[in-house]
Undergrad: 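The structure's right below; bear with me while I get my questions together.
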Amino acid sequence: MKYGKIKKKKDFRKILSTGKRAYGGTLTVVYLPAKEPSMAVCVGKKYGKSVERNRIKRLLREAFRAQAEKVGSPYAFLLIPKVSETYSFEGFRKDIGGIFKREKLEDG
RNA sequence: CGAGCGGACUACGCGGUCGCGGCGCAAGAAAUUGCGGUGAGGAAAGUCCGGGCAUCACAGGGCAGGACGCCUGAUAACGUCAGGUGAAGGCGACUUUAAGGAAAGUGCAACAGAAAUAGACAACCGCUUCCGCUUUGCGGAGACGGUUCAGGUGGAAAGGCGAGGCAAAAGCUCACCGACGGGACGGUAACGCCCCGUGCCAUGUAAACCCCGUCCGAUGCAAGUUUGGGUCUCUCUCAUAUGGGUUGCCCGCCCGAGGGAGUACCGUGAAUAACGCUGGAGCCUAUCGGUGACGGUAGGCGUAGAUAAAUGACCGCGCUCGACAGAACCCGGCUUAUAGGUCCGCUCGUAUU
RNA sequence: GGCCUUGUGGUCAAGCGGUUAAGACGGCGCCCUCUCACGGCGCAAUCCCGGGUUCGAUUCCCGGCAAGGUCA
């Protein structure tokens, strides 16, 4: 399934206020049923300089991509990482997988 | 071998699988799919300068304000760079340097010190008057005249140092050094060097105000352009220069501004849109001119253009185990951050030949 | 991305190149009191950091760092 980008400020507000929250060790996932599958990562200035922020975004997208195939129905996802010293691909991947399993979003 | 100086370069590499942003080609009505190729830096950073570019009822004058400041050159331009001069530091290679003017004027110089820009007081000496005494003299006080040496204070005390000179002294005189004025020579110039003269008067601070010289219109791609409607009619409010725009102010110049209703046509998307948006003062190689910055000529190259914003994950191999760090209109610089590695030129010390 | 502003005890803040760096609130110590409060006395500042100009810099100049504002 192809995931689009969430861009509009209105959409962000809607998901953050009405969406369901799921917490993992390294990040928080906010999601809402939607017509088209979409996702976004939230990495503000508190996470560091631009190099560091870009790295977090890449890791999150890649980890999400590795797990997204399991989700059957369309949802809008927001991924919000927690501030820490180091960020790892493996940690994000396991947390996202665990959240999908717990929230019963996986297909079948 | 040890210590050091200057300059240049590099910024993990290779192979696979999956994935991302532009571009090209093909397919498709379209969404999209497939293939190919391409995709961050030396600082992309800070936004400290300069320029291009764009807009402002063209950009005119004056004031204010700002920047720069040894000389010559380079450049589109610069506060940058190159070469040189002076000064300071280092044994040296070399490094640093906002380096015009203090006899245009104003301000400031705490504390200390007799005194802070120059007068007084104190001190030293001469002469004279008075007083005292141990009476060819010595001491004390006062008037007049000469002088600023020494001591102490200070960042700085009126050219320095040595000799002569004098009642005591002082560039009063002399040698050397410095300063100032004039001249010759060398250099495009800053300046250097030599000669002659003047006994010498002018404290510091201009990164205090300021003076002199040179330069600057303002605003910045969130600039701005296009579509978002156009034309006509009616009407309302403010205004006739005492308004609005143009640079902070003045002059000058330019101009009415905003809203509502109706009708005909176009359009249905209205801001998260498109353009600006990357081919350029471009990069590489060779050669010529120049000490050099740089410039000329010839050949070659095609080299990110995103907009919640693209480079990542995993596996294998190698090693020195990988620093600082991510384009956002574009260039030239400066400044700041930066693990390690490579190369070139040079200095000092020690030892050997 | 562009353009600006500000950094002084814990907080809010004054500060004409020479100050013992004002003042208020708060904190700590001592005195006063049987005790607390009030009151009195005292203490606590790398003037954000690094250079430079100057005899002397919180102040002037240059470069960093941090915080904040503003422009569609």
Side-chain angles (χ1 to χ4, degrees):
Chain A
M1 201 179 297
K2 182 80 180 174
Y3 278 82
K5 288 175 184 169
I6 301 168
K7 297 180 180 178
K8 294 189 182 179
K9 207 168 191 173
K10 224 174 13 179
D11 295 344
F12 273 84
R13 279 216 201 88
K14 188 180 171 194
I15 296 166
L16 282 168
S17 56
T18 64
K20 242 193 126 187
R21 282 161 198 263
Y23 304 95
T26 59
L27 80 165
T28 302
V29 177
V30 185
Y31 66 97
L32 200 65
K35 287 181 185 172
E36 295 290 324
S38 59
M39 64 83 70
V41 295
C42 300
V43 183
K45 279 216 169 165
K46 64 177 175 180
Y47 295 92
K49 294 192 172 187
S50 56
V51 168
E52 187 64 20
R53 295 200 303 271
N54 279 345
R55 168 135 190 101
I56 294 167
K57 287 191 252 182
R58 284 173 196 144
L59 291 173
L60 276 176
R61 288 204 201 94
E62 185 64 25
F64 179 80
R65 197 177 61 82
Q67 301 289 345
E69 303 158 357
K70 300 175 183 171
V71 180
S73 37
Y75 285 97
F77 288 102
L78 285 186
L79 309 186
I80 305 166
K82 292 188 177 173
V83 177
S84 82
E85 297 270 311
T86 56
Y87 302 89
S88 75
F89 170 76
E90 201 52 32
F92 285 144
R93 195 181 65 77
K94 280 181 181 162
D95 269 350
I96 293 172
I99 285 168
F100 285 174
K101 208 168 194 176
R102 265 189 282 136
E103 300 291 321
K104 300 188 169 57
L105 299 173
E106 292 185 9
D107 206 9

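Chain A is the first sequence line, chain B the second, and so forth, proteins listed ahead of strands; every chain is numbered from 1. Below, all heavy atoms of this structure are taken into account, side chains as well, without hydrogens, waters or symmetry copies.
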Undergrad: Separation of A:Lys94 atom NZ from B:C314 atom C1', in whole Å?
TA: 14 Å
Undergrad: With sequence neighbours left out, what residues match A:Lys101 under side-chain hydrogen bond (donor to acceptor under 3.5 Å, both in side chains)?
TA: none
Undergrad: Which nucleotide, if any, forms a Watson-Crick or G-U wobble pair with B:G248, using both distances under 3.5 Å?
TA: B:C63
Undergrad: By side chain to side chain contact (heavy atoms under 4.5 Å, CB included), which residues pair with A:Val83, not counting sequence neighbours?
TA: A:Lys46, A:Tyr47, A:Tyr87
Undergrad: Excluding sequence neighbours, so at least two apart, what forms salt bridge (Lys or Arg N to Asp or Glu O under 4.0 Å) with A:Lys20?
TA: A:Glu103
Undergrad: For A:Gln67, give me all partners under side chain to side chain contact (heavy atoms under 4.5 Å, CB included), at least two apart in sequence or on another chain.
TA: A:Lys70, A:Arg93, A:Ile96, A:Phe100
Undergrad: How many whole angstroms separate atom CD1 of A:Ile96 from atom C1' of B:A313?
TA: 13 Å
Undergrad: How many whole angstroms separate atom CZ of A:Phe64 from atom P of B:A308?
TA: 18 Å
Undergrad: Could you tell me how far apart A:Lys49 (NZ) and B:A43 (C1') are, to the nearest whole angstrom?
TA: 12 Å
Undergrad: With nearest nucleotides of RNA chain B determined for A:Lys57 and A:Glu52 from heavy-atom distances, which residue corresponds to the more 5′ nucleotide?
TA: A:Lys57
Undergrad: Mind checking the P distance from C:C3 to B:G220? Whole angstroms is fine.
TA: 8 Å
Undergrad: Which one, B:G19, B:A310, B:G326, comes nearest to the side chain of A:Arg61?
TA: B:A310
Undergrad: Could you work out, with ring pair (Phe, Tyr, Trp, His ring centres under 6.0 Å) as the rule, every residue matching A:Phe64, not counting sequence neighbours?
TA: A:Tyr3, A:Phe77
Undergrad: Does A:Val41 or A:Ser50 map to a spot on RNA chain B nearer the 5' end, using the closest nucleotide for each?
TA: A:Val41
Undergrad: Considering every strand shown, what is the Watson-Crick or G-U wobble mate of B:C53 when both distances are under 3.5 Å?
TA: B:G220
Undergrad: Whole Å only: how far is the CD atom of A:Glu62 from the P atom of B:C314?
TA: 9 Å
Undergrad: Which whole-number value in Å describes the distance from A:Ile56 CD1 to B:U311 C1'?
TA: 17 Å
Undergrad: Which base, if any, makes a Watson-Crick or G-U wobble pair with B:C138, both distances under 3.5 Å?
TA: B:G132
Undergrad: Separation of A:Leu59 atom CG from B:C18 atom P, in whole Å?
TA: 21 Å
Undergrad: Does B:G340 have a Watson-Crick or wobble partner in any strand here, with both distances under 3.5 angstrom, and which is it?
TA: B:U10
Undergrad: If we take the P atom in both B:G84 and B:A11, what is their distance in whole Å?
TA: 33 Å
Undergrad: Over all strands shown, is A:Arg53 touching base, sugar-phosphate only, or nothing at heavy-atom distances under 4.0 angstrom?
TA: nothing
Undergrad: May I ask you to say what A:Arg93 touches in the nucleic acid, namely base, sugar-phosphate or nothing, with a heavy-atom cut-off under 4.0 Å?
TA: nothing
Undergrad: What is the base-pairing partner of B:A93, counting Watson-Crick and G-U wobble geometry with both distances under 3.5 Å?
TA: none
Undergrad: Tabulated below should be each protein N or O lying under 3.5 Å from an N or O of nucleotides 38-41 of chain B; please produce it.
TA:
none

